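Predicted model only: the values in this text are computed from it and were never measured. Numbered from 1 within each chain, the chains take letters A, B, ... in sequence-line order.
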There are 2 protein chains.
Amino acid sequence: MKNERRVCGRMTEPKIKNMEEFAAVSGISRPTLSKYFNDPSSVRRSTRTRIESALEKFDYQPNFYAMNQNRRLTKNIGIVIPYMADPFFAEIARNVENLVLDAGYRPILLGSHGDPEQEIENLENLRVIKPAGVLLAPLGRVSDPDRLSAFCADVPTVLFDANIENVGEAFVGSDNMQSIGLMVDYLCETGEPPAFFEMKSPSNPNALKRRSAYVYAMERLGHAPLLLQAPGEGWDFEDIGFQEGSRVISERNLPSDTILCSNDRLAIGFLSAAYQLGLRVGSGAESALRVAGHDDHPFSRYTCPTLTTIAQDYEAIARKSAQTLFGMIESNARPVSRIETVFDGNLVRRGSA
Amino acid sequence: MKNERRVCGRMTEPKIKNMEEFAAVSGISRPTLSKYFNDPSSVRRSTRTRIESALEKFDYQPNFYAMNQNRRLTKNIGIVIPYMADPFFAEIARNVENLVLDAGYRPILLGSHGDPEQEIENLENLRVIKPAGVLLAPLGRVSDPDRLSAFCADVPTVLFDANIENVGEAFVGSDNMQSIGLMVDYLCETGEPPAFFEMKSPSNPNALKRRSAYVYAMERLGHAPLLLQAPGEGWDFEDIGFQEGSRVISERNLPSDTILCSNDRLAIGFLSAAYQLGLRVGSGAESALRVAGHDDHPFSRYTCPTLTTIAQDYEAIARKSAQTLFGMIESNARPVSRIETVFDGNLVRRGSA
DNA sequence: ATCAAAATTTAACGCGCGTAAACTTAATTA
DNA sequence: TAATTAAGTTTACGCGCGTTAAATTTTGAT
């Protein structure tokens, strides 16, 4: 059976092949139609109505490829996130995607699977489709800053979530100093000062910021910082948290009865370890350990116990990143200096601390 | 500051504008180059070498839009999954994506966010870019079968994960009858026969298959099936599992001390409820309840206790779906009849049952 | 060396739309 | 109502590549 694609559409109103034909049947000239498809608001209201009613009658849509071939700038916007299988990034990507769509652009979502080469490849793939701009949540420390910079020199790019010095025209993220400070304050007010549980060599720049923020907050309150650093590389944070958690708990090597994890995924692994070793976690008197996280990961409300954490303002970050990019695109100008915007996090009190 | 994109590339070897110019500098005629870029193996080995060494010297890549404009079929393959923020789908999508890439196609990943309209919109967006084929994991019961069919009539499509009767040229998924049978056997051998915990009106067709499989397996073993059906719609499975779990546990309404959940995400919510209500879950004698899931969700190894479940063969499903689609594309033929392939699941024994 | 098959080159056309210039029509303002 | 401006039409060209047909070269087997 040959692959004869059935032509869909009624015989009475045959499918319109190209803009020329649509111009004929709609009674609008092709250049005007071209303007309309490029930006519907650029034509007079009355002609817009005429076009749109013709559109309803004749179902035609311009050829995507021919359309973009000769345009200086397409309406495509690339969205690159470090890890698609991490619900945190999936969620923030969804927010960004919707904003891009609402602004009349076409989002193209790519995940880097934790691999810096994949990240570069994603950007190179984007280059091919000549995007109007890119929203990039970089891998971080492992990213190739030179190649990232080279890309950003060619395509207007806004970084979000993780910052890399001097890469991109702007950065939007969370204020780790504020959020970690908030959490340390809370933990100190309600119990023993926390130790900080993190990866020894974290790939995410936020992790480093959170470490300093923790140290700063502890010293501000007159406590000695206690760092608990797990070995391990990569993006399998739960496993790293689990392994190191198991070790320190079974060796009775906990520097404090309160553990502040650098992120929720580490905390999820840590909590799992505590459970398996029979260590009761929670804020109550009957518990031996308190655990807190950071990010308000979608799963943090189902851990045992539920995880006290910091909720990042997904929505604000997504909105600000997108708006910054749209501004650059529409004004066809780059900011004079690199703009960094950070939003406050909110404390989410749950069972674990 | 005007948006003057810096031209990257050395002055000594100026950037090649188009295939014509590349033909000039490489000493290969344009039609041959065109053939090469369409399929590198379609030119003689010696000329291929010449082209590729020229490519290293001159960095040129054909204009994506001009390239696809006049091709009957692009090298794009759409991948549509129901929910990007579900790590299960993110993982399977990653597998599929890599296979598509390795086969020399260009994957375009779209998530439907659990919304049937978004699903249709994704397909319509794909239509615009004239994909060679589509790999579709449909939402299921809520999907619009007519519009899905209409799309599949125009574009070669392979369904995976969730089956919809007569939609697409083929289906690849898991054998729920086998996997649920396996789990029921295991649970009955090691303890009390399980009750089946599911959503009252699940949107996923696998859920219905699993229900029947459970009933069949129980009757085969001479037990009366026990269905525990949670109200609720949508994709917030953990919450649904948690709510109903909380209810039946606190009302002491458990029909059995063994609960087989229709999927891991329900189980995750259920386990969280059990923990919060102080009900000890596990296979040991000291536990009051056993819980099992299905899918081997990435988080199922960090639940408390760790979740006994069925691992679907991600990799086999991805490979078979992709190969089936590639076969159709390359032979330019559709299968005479719709092919359905299912793979066995494997029991993953962990702490919860 | 001979010759047919296979691969490449040359030349030329078309795809569907962006875009620019010159002109005409419609809407706005005085 | 005339003058002005904004919007639309006509005409025409170009983009970069797919594709075809005929002419030519290369290849590999005889």
Donor on one side chain, acceptor on other, Asn122(B) and Ser112(B), under 3.5 Å: yes
Aromatic ring pairing Phe22(A)/Phe58(A), orientation class (parallel under 30°, perpendicular over 60°, tilted between): perpendicular
Value in whole Å for how far the C1' atom of dA27(C) lies from CZ of Arg45(A): 15 Å
Sub-4.0 Å heavy-atom contacts from residues 24-38 of chain A onto DNA chain C, ordered by number: Arg30(A), Pro31(A), Ser34(A)
Spacing between Arg44(A) atom CZ and dT24(C) atom C1', to the nearest angstrom: 12 Å
Separation of dA7(D) C1' from Asp39(A) CG (nearest whole Å): 14 Å
Main-chain N/O of Arg44(A) paired to Ser46(A) side chain as donor or acceptor, under 3.5 Å: no
Atom pair CZ/CZ of Phe326(B) and Arg319(B) - distance to nearest 0.5 Å: 10.5 Å
Arg106(B)-Asn68(B) side chain donor-acceptor pair, cut-off 3.5 Å: no
Partner residues of Glu117(B) under the side chain to side chain donor-acceptor pair (under 3.5 Å) criterion, sequence neighbours left out: none
Donor-acceptor under 3.5 Å (Tyr60(B) side chain, Asn18(B) main chain): no
Mutual orientation of the aromatic rings belonging to Tyr83(A) and Trp235(A) [parallel < 30°, tilted 30-60°, perpendicular > 60°]: parallel
Given DNA chain C, 5'-ward residue of the pair Ser42(B) and Asn68(A), judged by closest heavy atom: Ser42(B)
Euclidean distance, atom CE of residue Met67(A) to atom C1' of dT19(C) [Å, nearest integer]: 14 Å
Nucleotide dT10(C), atom P - distance to CD of Glu20(B) in whole Å: 11 Å
Selection from dG18(D), dG8(D), dG18(C) that lies nearest to any side-chain heavy atom of Thr47(A): dG8(D)
dG18(D) phosphate, OP1 or OP2, under 4.0 Å from Arg71(B) side-chain N/O: yes
Euclidean distance, atom CZ of residue Arg50(A) to atom P of dA26(C) [Å, nearest integer]: 10 Å
Leu139(B) backbone acceptor or donor facing Glu119(B) side chain under 3.5 Å: yes
First of Gln61(B) and Ser46(B) reached from the 5' end of DNA chain D, by closest nucleotide: Gln61(B)
Could you write out each protein N or O paired with an N or O of nucleotides 14-16 of chain D at a distance under 3.5 Å?
{"unit_1": "dG14(D)", "atom_1": "N2", "unit_2": "Asn70(A)", "atom_2": "ND2", "d": "2.9"}
{"unit_1": "dC15(D)", "atom_1": "O2", "unit_2": "Asn70(A)", "atom_2": "OD1", "d": "2.9"}
{"unit_1": "dC15(D)", "atom_1": "O2", "unit_2": "Asn70(A)", "atom_2": "ND2", "d": "2.7"}
{"unit_1": "dG16(D)", "atom_1": "O4'", "unit_2": "Gln69(A)", "atom_2": "NE2", "d": "3.1"}
{"unit_1": "dG16(D)", "atom_1": "N2", "unit_2": "Gln69(B)", "atom_2": "OE1", "d": "3.3"}
{"unit_1": "dG16(D)", "atom_1": "N2", "unit_2": "Asn70(B)", "atom_2": "ND2", "d": "3.2"}
{"unit_1": "dG16(D)", "atom_1": "N3", "unit_2": "Gln69(A)", "atom_2": "NE2", "d": "3.2"}

